[in-house]
Amino acid sequence: MHPYPELRLFIGGQWSTTDTTRPVINPATEAEIGRLPVAGAAELDAALEAAQKGFAVWRRTAPRDRADLIRAAAGVLRSRQDEIADAITAEQGKPLHEAKLEVIRGAEFFEWDAGEAVRTYGRVIPSAPGVRYIVHHEPIGPVAAFSPWNFPLSQPARKVAGALAAGCSIILKAAEETPAGAIHLARAFEEVGLPAGVLNLVFGVPDEISSHLIPSPTTRLVAFTGSTWVGRHLTTMASEHMTPVLMELGGHAPVIVSNHTDVAAAAVVSARRKTRNAGQVCTSPTRFFVHRQVYDEFLETFAAEIGRTVVGDGTDPTSNMGPLANERRVPTLHRLVTNAIDAGADLITGGEPLDRPGYFFAPTVLANVPAEAQVMQEEPFGPLAIVNPVDDIAEAIAAANAVPFGLAAYGFSDRADEIDQMVDGVEAGNLSINTLEASLPETPFGGVKSSGYGREGGSEGLHHYMTVKNVSHSIAIN
Ligand code: NAD
């Protein structure tokens, strides 16, 4: 194992610490692995000033030069895959092989957005002779970004990639529980020569940081990934200053399983995807609506595959699911399970925290869960799946849409008419048919309803980091 990195703030190109620190805990062992500096008002003001200066330089840097530098930093991340993965597993708990894939995915986000940096085309609008109307896309300005703890490297990477490719500077508040991914990211950019102030990294008390950065006139965009509740709070704060937001919030992904599909194959891939990152993924497949004709077969195969999950410390190569990333998630999951059983659900497997040190929770399958159970509306964000029977695709779509969320949704069917019904009827930003892949660098990702606003990735990914300026130019004064 590589040593866990020193935890510092990165402001205006300088690494610094503060008198107040907070612990970072390994969720598999509950051991303290580092102390994280807590930024106060002075550090946040310094970050705002640095971001303003950084923006003045970066917005005038040619897109091709920005792209080269971003690609170089992505190369550094790739070259440190093992070292960064060790840090991610230590602070977040996921198995090492997942952490290694996360590092590569983070690099891919940078590489994709670097490519987009040179394609932020404007347009020329037809006009009378002697007049030109030209639409320019300009970087919006310094971004205040907040990234969560479920993907310590690739979540910050998404926001930093979008901002930097568009020509913005950024102040990133990465998750206090999992700071090392963002530290490695800042180091990579420092090493390839990013101008000072373009990327600034702070940690501290989340509410103190957001209520300092968001009202500042320096901040021109608020980008957040996390819970709907916090997203709404930040959006309200931003709206008081007319500051736009990019919000990637919670999901509660439905999976529609037709009787016209390879039921066993669908059950096995779904079970494996469910336990990925211990279910702490906003696109995690959670509410399964299975045609009654194949319900028993699906449930049996799915629960058997879930039961084969080897839960353990992410550093153990035999583990394929680690602990929950933080202590507060354990009672939350337990409450959702107990409440569902009280409401009449059948517990098929799991349902309990594991009796060992660390924040481990058994992979859990609930069946026949009544609509009034809390888990039917509240995203469990853990290794918990609900498997309910339905009579047809229309009923499944109605059930899929019966939540305030609309991020990822999935369907398994071989029939074009059923797929057409799903494409037409499912309320989600991302619908995947016969695959559980919901988000790639080249595809736009984001939600509808309470799952958020805006898109990351794809050719849409830089839109929110840019603003439009129309220039009308008349040769003669008129
Ligand atoms: P939470 O709502 O307390 O925090 C979610 C994230 O927001 C954390 O990273 C936290 O540091 C940050 N945050 C909290 N208050 C903030 C504030 N005032 N200003 C700025 N940032 C703030 O929830 P939690 O217990 O950490 O996670 C549970 C829920 O969060 C899950 O149920 C899930 O819905 C959501 N979540 C979503 C994602 C995602 O990828 N969309 C990732 C992590 C968590």
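Just follow the structure's listing: the first ligand is 1, and inside any ligand the first atom is 1.
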Would you be so kind as to tabulate the donor-acceptor pairs closer than 3.5 Å made by side chains of residues 345-352, with sequence neighbours excluded?
| unit_1 | atom_1 | unit_2 | atom_2 | d |
| --- | --- | --- | --- | --- |
| Asp346 | OD2 | Asn368 | ND2 | 2.9 |

Which pairs would a plain distance check flag for residues 371-383, meaning a side-chain donor or acceptor within less than 3.5 Å of a matching protein atom at least two apart in sequence or in another chain?
| unit_1 | atom_1 | unit_2 | atom_2 | d |
| --- | --- | --- | --- | --- |
| Gln374 | OE1 | Arg335 | NH1 | 2.8 |
| Gln377 | NE2 | Ala402 | O | 2.8 |
| Glu378 | OE1 | Arg335 | NH1 | 3.2 |
| Glu378 | OE2 | Arg335 | NH2 | 2.7 |
| Glu379 | OE2 | Gly251 | N | 3.3 |

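His464 and Tyr453 have perpendicular rings, their planes meeting at more than 60° on a 0 to 90° scale where under 30° would count as parallel.
Two rings, from Phe412 and Phe298, have their centers 6.0 Å or more apart.
For the atom pair CG of Leu36 and CZ of Arg8, the computed distance is 10.0 Å after rounding to the nearest 0.5 Å.
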Can you list every pair where an N/O of ligand 1 is under 3.5 Å from an N/O on the protein?
| unit_1 | atom_1 | unit_2 | atom_2 | d |
| --- | --- | --- | --- | --- |
| ligand 1 | 2 (O) | Ser227 | OG | 2.5 |
| ligand 1 | 18 (N) | Asp207 | OD1 | 2.9 |
| ligand 1 | 19 (N) | Pro206 | O | 3.4 |
| ligand 1 | 19 (N) | Ser210 | OG | 2.8 |
| ligand 1 | 25 (O) | Arg328 | NE | 2.7 |
| ligand 1 | 25 (O) | Arg328 | NH2 | 3.4 |
| ligand 1 | 26 (O) | Trp149 | NE1 | 2.7 |
| ligand 1 | 26 (O) | Arg328 | NH2 | 2.6 |
| ligand 1 | 34 (O) | Glu379 | OE1 | 2.4 |
| ligand 1 | 40 (O) | Asn150 | ND2 | 3.3 |
| ligand 1 | 40 (O) | Gln155 | NE2 | 3.2 |
| ligand 1 | 41 (N) | Leu249 | O | 3.4 |

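Residues passing the salt bridge (Lys or Arg N to Asp or Glu O under 4.0 Å) test with Asp316, sequence neighbours excluded: none.
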